[in-house]
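Positions are given from 1 along the sequence.
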Amino acid sequence: MTTDKHKALELLFRQHYTSLYHFAMRMVDDDEACRDLVGEAFRQAYDQLDSIPPERQKAYIFSLVRNKCIDYVRHLQARQRYAEYYEHTLARTNDNEAATLEELEAQLQQMRAIIDSDLTPRTRLVLERCYLHRKKYAEVAQELGISVSAVRKHIVAALKTLRAKMPKKSE
């Protein structure tokens, strides 16, 4: 049975890899990321291949690639929003007076204190893996045995807490 499964996946790969790659490129526009996303889709499809009728396998693998691309783009957007928030925080500090290294260090310590005291251990772990270790949501989800949606919810909760708890400077 396993060899039939390998053969079916190999056939699916040979028939559709190129079109899947180009499909992913329309959404992601990053050569290496597209190869990774298509490869991840095939790895995931391998586990489900026995339960999918052959006539639906092509549609299934395309939907996997589409969903992986969407997750990837959302992850990039979340990182961009976090970077913009961080830049905005620094800009506010610099508006009225030049921020000293000590002030910036104090802000970072405040952020770390909020992360350590106000976030649940699971949310803190997800935040650190996504932002400090630069892992994709899908990688973190797989490592922790949770869904990508759950990873997103942890990130949203962490950023919301940081925004609410960080002291605001008057402008």
Side-chain angles (χ1 to χ4, degrees), residues 1-89 111-112 114-116 118-163:
M1 184 66 171
T2 308
T3 58
D4 290 340
K5 191 174 179 179
H6 287 303
K7 287 178 183 176
L9 185 68
E10 185 177 342
L11 180 63
L12 195 62
F13 183 86
R14 287 181 189 202
Q15 289 176 337
H16 303 295
Y17 178 83
T18 303
S19 56
L20 286 165
Y21 168 80
H22 291 293
F23 177 67
M25 278 295 283
R26 286 188 295 217
M27 290 181 268
V28 175
D29 197 29
D30 178 345
D31 182 57
E32 190 172 328
C34 287
R35 281 187 258 147
D36 290 345
L37 293 168
V38 172
E40 288 175 24
F42 274 105
R43 279 190 290 283
Q44 186 175 344
Y46 179 77
D47 295 335
Q48 302 297 321
L49 210 54
D50 290 338
S51 62
I52 302 169
E55 65 273 5
R56 295 197 35 112
Q57 290 175 352
K58 178 182 176 184
Y60 178 73
I61 195 78
F62 267 88
S63 67
L64 284 176
V65 170
R66 183 195 69 228
N67 291 341
K68 290 192 175 300
C69 288
I70 290 168
D71 289 344
Y72 179 82
V73 168
R74 285 181 181 158
H75 177 70
L76 291 178
Q77 289 171 342
R79 274 190 177 175
Q80 183 62 34
R81 284 192 307 271
Y82 181 75
E84 288 169 0
Y85 171 75
Y86 186 74
E87 287 175 6
H88 177 71
T89 301
M111 287 178 81
R112 190 64 191 165
I114 292 168
I115 289 169
D116 289 339
D118 294 334
L119 300 182
T120 66
R122 186 68 141 196
T123 300
R124 182 173 48 249
L125 180 64
V126 169
L127 181 72
E128 288 172 352
R129 289 199 176 167
C130 288
Y131 288 100
L132 296 179
H133 301 289
R134 296 182 172 253
K135 292 189 175 191
K136 298 177 184 176
Y137 285 12
E139 292 172 322
V140 174
Q142 186 176 20
E143 287 176 10
L144 301 178
I146 59 177
S147 68
V148 173
S149 175
V151 170
R152 256 188 248 109
K153 287 177 184 176
H154 282 290
I155 294 296
V156 167
L159 295 178
K160 183 178 179 181
T161 300
L162 282 169
R163 285 185 200 108

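Side-chain contact between C69 and R66: absent, with no pair of heavy atoms (C-beta onward) separated by less than 4.5 Å.
Ring planes of Y85 and Y82: tilted class, angle from 30 to 60°.
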After noting the C-alpha distance and the side-chain angles of L12 and F42, does the key distance pass the side-chain contact (heavy atoms from CB on, under 4.5 Å) rule?
CA-CA 9 Å; L12 195 62; F42 274 105; 4.2 Å; yes
Using side-chain contact (heavy atoms from CB on, under 4.5 Å), reason through R129 and Y137 one step at a time and then give a plain yes or no.
CA-CA 9 Å; R129 289 199 176 167; Y137 285 12; over 6 Å; no
Stepwise, does the side-chain hydrogen bond (donor to acceptor under 3.5 Å, both in side chains) test hold for E40 with Q44?
CA-CA 6 Å; E40 288 175 24; Q44 186 175 344; over 6 Å; no
Tabulate below the donor-acceptor pairs under 3.5 Å that side-chain atoms of residues 144-159 make, not counting sequence neighbours, or state none.
| unit_1 | atom_1 | unit_2 | atom_2 | d |
| --- | --- | --- | --- | --- |
| S147 | OG | A150 | N | 3.0 |
| R152 | NH2 | D71 | OD1 | 2.7 |
| H154 | ND1 | T123 | OG1 | 2.8 |

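Annotation for F62 and S19: closest pair CZ-OG, 3.7 Å, computed over non-hydrogen atoms. Heavy-atom minimum distance, A78 versus Y131: O-OH, 3.5 Å. Contact record, L9 with L49: N-CD2, 3.6 Å, taken as the closest heavy-atom pair. The two residues V140 and K135 have their closest heavy-atom pair at CG2-CB, 3.8 Å. Here the shortest heavy-atom pairing between R43 and D36 reads NH2-O, 4.3 Å.
Under a 3.5 Å cut-off, the side chain of R79 and the backbone N or O of R134 do form a donor-acceptor pair.
Atom CD1 of I115 is separated from atom CZ of R124 by 9.0 Å, given to the nearest 0.5 angstrom. With rounding to the nearest 0.5 Å, the separation of CG in L125 from CG in L119 is 11.5 Å. Here the CD-NE2 distance, from E139 to H133, works out to 12.0 Å after rounding to the nearest 0.5 Å. Here CD1 of I61 is found 11.5 Å from OH of Y17. Values are rounded to the nearest 0.5 Å. Distance check: D29 CG to C34 SG gives 7.5 Å after rounding to the nearest 0.5 Å. The CG atom of L162 sits 5.0 Å away from the CE atom of M111 when rounded to the nearest 0.5 Å.
Surrounding CD of E32 are at most 12 heavy atoms belonging to other residues, nucleotides or ligands under 6.0 Å away. For Q142, the CD atom sits in a loose shell: 12 or fewer heavy atoms of surrounding residues, nucleotides or ligands are nearer than 6.0 Å.
For D30, the salt bridge (charged side-chain N to carboxylate O under 4.0 Å, His left out) criterion is met by no residue, not counting sequence neighbours. For D116, the salt bridge (charged side-chain N to carboxylate O under 4.0 Å, His left out) partners two or more places apart in sequence, or in a different chain, are R112.
The cationic atom of K5 (NZ for Lys, CZ for Arg) lies less than 6.0 Å from the six-membered ring centre of Y46 and within 45° of the ring axis.
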